[in-house]
Amino acid sequence: MNTTTPGSRILPAGDAALSAARDALAAGEIVAIPTETVYGLAADATNGEAVARIFAAKQRPSFNPLICHVTGIEMAESFAAFDPLSRRLAEAFWPGALTLVLPLKPGHAIHPLVTAGLDTVAVRAPKGFGAELIATLGRPLAAPSANRSGKISATTARAVADSLGEAAPLVIDGGPTPVGVESTIVKVEDGAIFLLRPGGVAAEAIEAAAGMPLRRAEANAAIQAPGMLASHYAPAARMRLNAGHVAPGEALLAYGPERIAGAETAKAVLVLSETGDLVEAAAKLFDYMGRLDATGAECIAVEPIPATGLGEAINDRLARAAAPRTIESGEDA
Ligand code: TXA
Ligand code: MG
């Protein structure tokens, strides 16, 4: 029996839910799905606008990188590179509650909004409905926990609907999630395994499978804080936010239907959204920053972008990119 909360449709996991979820994801919509750890709010990881909708639904104040969910090692290898130790951990714990942070391969199809512009990607193969759905869709799913930002993760479909309401139009009910806490996140660096987040797979189990002790993330603060790592994506060009005009030699990152004074003299102009659609703008942000930087302009002027909805995350990311470079690699800007 289907149940409805204002705004969200809850479908019991099964064949009908599988095709409804697949169709919605293929159309660029987001779907809340059960995994063995917690419910995830999923989107096609190769579709930037779909991924932007996740951030809008969660009301995330900034673009934290998301986990890419795959069917297994083979799908993961289409975009991420496994070192031998990471491969051994995947063989031991996938499908399951272990997330590996791996280098992205050149030419991969994962949208930069998923990774917040990092050159690494967090990957895991879930069990159950999520696994079937990814196999049916044939593409990786980006999915954070299906709750509003800053709230606890949802372990039932009801909790998802209560937390997200109409922001999660389709929720698949697979019953209470068996693990109930998020996945354990590790990253292999120079032959050592760093624990970035404790979770559903015990550290001891990973140590037993790897035959070596885990190193705690405090030992490597740069890996620990992805928000800080994200600042490494700051372009070579300076960034000038809320610009009222374009100065000589500047490139322009524009937004909305109208251009600021001097736009016609800009070295290059890219418009995040002609219509002022913040979802579209979020999906293009990392790509366009990179492209304008590649023009060699010494400064990128950025038109004002509203701070409402996804605009808060966009402005947060722009502020990080514009932060003075002396503190870029120090405090989280
Ligand atoms: O069990 C789980 O992990 C659930 C289910 C839905 O799979 N997902 C989940 O996602 O907890 P989320 O977005 O709430 O947490 C993902 C964590 C964040 O702390 C993020 O910073 C980290 O993964 N992360 C993602 N990509 C990363 C990367 N490239 N390097 C380091 N940390 C990364
Ligand atoms: Mg979460």
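We count ligands from 1, going down the list as the structure has it; atoms in each ligand are counted the same way. One is the number of the first residue; the rest follow in order along the sequence.
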Run the contact test for Ile67 against ligand 1 with a 4.0 Å cut-off on heavy atoms, strictly below, and give the result.
-> yes
Crowded around Glu298 CD? As in, over 12 foreign heavy atoms under 6.0 Å?
-> no
Ligand 1 N/O within reach of His69 N/O, cut-off under 3.5 Å = yes
Output the distance between atom SG (Cys68) and atom CZ (Arg139), rounded to the nearest 0.5 Å.
-> 13.0 Å
Going by the atom numbers of ligand 1, which of them fall below 4.0 Å from some non-hydrogen atom of Ile185?
-> 17 (C), 22 (C), 23 (O)
Arg124: heavy atom below 4.0 Å from ligand 1, yes or no?
-> yes
Does any N/O atom on Asn64 come nearer than 3.5 Å to any N/O atom on ligand 1?
-> no
Please report the shortest heavy-atom distance between Pro257 and Arg259, naming the atom on each side.
-> O-NH1, 3.9 Å
Quick note on ligand 1: atoms under 4.0 Å from a heavy atom of Leu118 include exactly 28 (C), 29 (N)
Short N or O distance, Thr120 and ligand 1, threshold 3.5 Å exclusive | yes
Considering all heavy atoms of both residues, which atom of Val271 and which atom of Tyr288 are nearest to each other, and what is their separation?
-> O-CE2, 3.3 Å
Rounded to the nearest 0.5 Å, what separation is found between the CD1 atom of Ile172 and the OH atom of Tyr39?
-> 9.5 Å
Near Gly40, which atoms of ligand 1 are under 4.0 Å from a heavy atom of that residue?
-> 6 (C)
Distance-only N or O hit between ligand 1 and Ser183, under 3.5 Å | yes
Looking only at non-hydrogen atoms, find the nearest pair between Asp293 and Ala236 and report the distance.
-> OD2-N, 2.9 Å
To atom 24 (N) of ligand 1, the nearest of Gly96, Pro65, Ala146, Gly180 on a heavy-atom basis is Pro65
Salt-bridge criterion met for Arg87 and Glu77 (N-O under 4.0 Å) = yes
Per-residue contact class, Arg197 against ligand 1 - non-hydrogen pairs under 4.0 Å = side chain
For Ser145, is at least one N or O under 3.5 Å away from an N or O on ligand 1?
-> yes
Ligand 1 and Lys58, any nitrogen or oxygen pair closer than 3.5 angstrom?
-> no
So, are Glu182 and Arg124 salt-bridged, with charged N and O less than 4.0 Å apart?
-> no
Check each heavy atom of Thr115 against ligand 1 and say whether those closer than 4.0 Å belong to the side chain, the backbone, both or neither.
-> neither
Could you tell me whether the side chains of Asp277 and Thr275 share a donor-acceptor contact shorter than 3.5 Å?
-> no
